[in-house]
Amino acid sequence: VLHGVEWNKDGTLVAAFAHQGPTSVWRTDNGELQQTIGERTTAFNWQDGSSLAVRSESSVVTWDCELGQKTGELPTTDSEYIFRTSPDGKYLATASASSVKVRSLRTTEEVASMRSEGAPHAIRWTPDSNRILAVTETMIGVWNSGDQDFSFILDSNGYRFMSADWSPDGSRLASVD
């Protein structure tokens with residue numbers, strides 16, 4: 001049973017994984033298997049046209065799927081259960097039960113850490129990689145990627161947030177409760 005599927009930005013590749021199985025990448029023009037990555041995938045996301053970040057049990061590994069090469073690796077902990085790379089490919093945001101951390105993919109150093117009100121179940125970057133939102137059941141927190149504190153918090157007012165995302169230009173957000 002597949003647990004995740006995502007197209008790359010230009011639609012030439014599609015990736016999918018079965019729960020704690022490898023990530024497979026296919027070419028969309030001919031259906032050929034391009035590459036199999038990792039052993040126990042828990043999540044992944046495309047960084048750009050051919051660069052894919054894959055979360056396994058203890059790290060996030062970045063791959064150039066056109067070249068078939070690993071381009072980087074960043075250790076993570078079991079408690080960091082959600083991740084999202086920034087659209088510019090410079091940062092990795094991870095969520096644990098009560099915080100979101102942002103680290104440099106180049107140096108692996110933490111550049112920001114924000115406390116959340118509850119366990120985040122979604123992280124989203126603006127298209128320009130300048131802001132992040134974290135969604136919990138009771139709030140949506142927004143902050144500038146280099147700041148330590150939320151710049152804006154949207155309270156659920158008794159509803160339960162399920163998801164949220166930025167508009168393509170990063171000026172608005174939509175939420176689902």
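In what follows, every heavy atom counts, from backbone to side chain, and hydrogens, waters and symmetry copies are set aside.
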Q) Backbone N or O of Gly72 within a donor-acceptor pair of the Thr62 side chain at under 3.5 Å? A) yes
(Q) Going by salt bridge (charged side-chain N to carboxylate O under 4.0 Å, His left out), name the residues that satisfy it together with Arg106, two or more places apart in sequence or in a different chain. (A) none
Q. Hey, are the side chains of Trp46 and Cys65 touching, using non-hydrogen atoms and a 4.5 Å cut-off?
A. yes
Q: Go through the structure and list residues passing salt bridge (charged side-chain N to carboxylate O under 4.0 Å, His left out) with Asp169, not counting sequence neighbours.
A: none
Q: With sequence neighbours excluded, give me every salt bridge (Lys or Arg N to Asp or Glu O under 4.0 Å) pair touching residues 6-26.
A: none
**Q.** Sequence neighbours excluded, every pair satisfying salt bridge (Lys or Arg N to Asp or Glu O under 4.0 Å) that has a member inside residues 82-97
**A.** none
Q | His121 side chain to Phe161 backbone, donor-acceptor under 3.5 Å | A | yes
Q.
I want to check something: taking the side chain as every heavy atom from C-beta on, are Thr94 and Val100 in contact at a cut-off of under 4.5 Å?
A. no
Q) When you check the side-chain N and O atoms of Thr28 and Thr12, is any donor under 3.5 Å from an acceptor? A) no
**Q.** Tyr91 backbone acceptor or donor facing Ser86 side chain under 3.5 Å
**A.** yes
Q.
Could you check whether any side-chain N or O of Trp166 sits under 3.5 Å from a backbone N or O of Arg124, counting only pairs where one atom can act as donor and the other as acceptor?
A. yes
Q) What pairs with Phe83 under ring-ring contact (aromatic ring centres under 6.0 Å, His included), at least two apart in sequence or on another chain? A) none
Q. Given Val54, which of Val25, Val60, Asn45, Thr41 fulfils the side chain to side chain contact (heavy atoms under 4.5 Å, CB included) condition?
A. Thr41
Q) For the atom pair CG (Leu173) and CG (Asp165), what is the distance rounded to the nearest 0.5 Å? A) 8.5 Å
Q: Indicate whether any N or O donor in one side chain lies under 3.5 Å from an N or O acceptor in the other, for Glu73 and Ser59.
A: yes
Q. So, the side chain of Asn8 versus the backbone of Leu13: is there a donor-acceptor pair under 3.5 Å, distance only?
A. yes
Q.
Just by distance, no angles: are the side chains of Ser99 and Ser113 close enough, under 3.5 Å, to form a donor-acceptor pair?
A. no
**Q.** Partner set under side chain to side chain contact (heavy atoms under 4.5 Å, CB included) for Ala164, not counting sequence neighbours
**A.** Leu133, Val135, Ile140, Ser175
Q | Gap between atom CD of Gln35 and atom CG of Leu67 - 0.5 Å precision | A | 9.5 Å
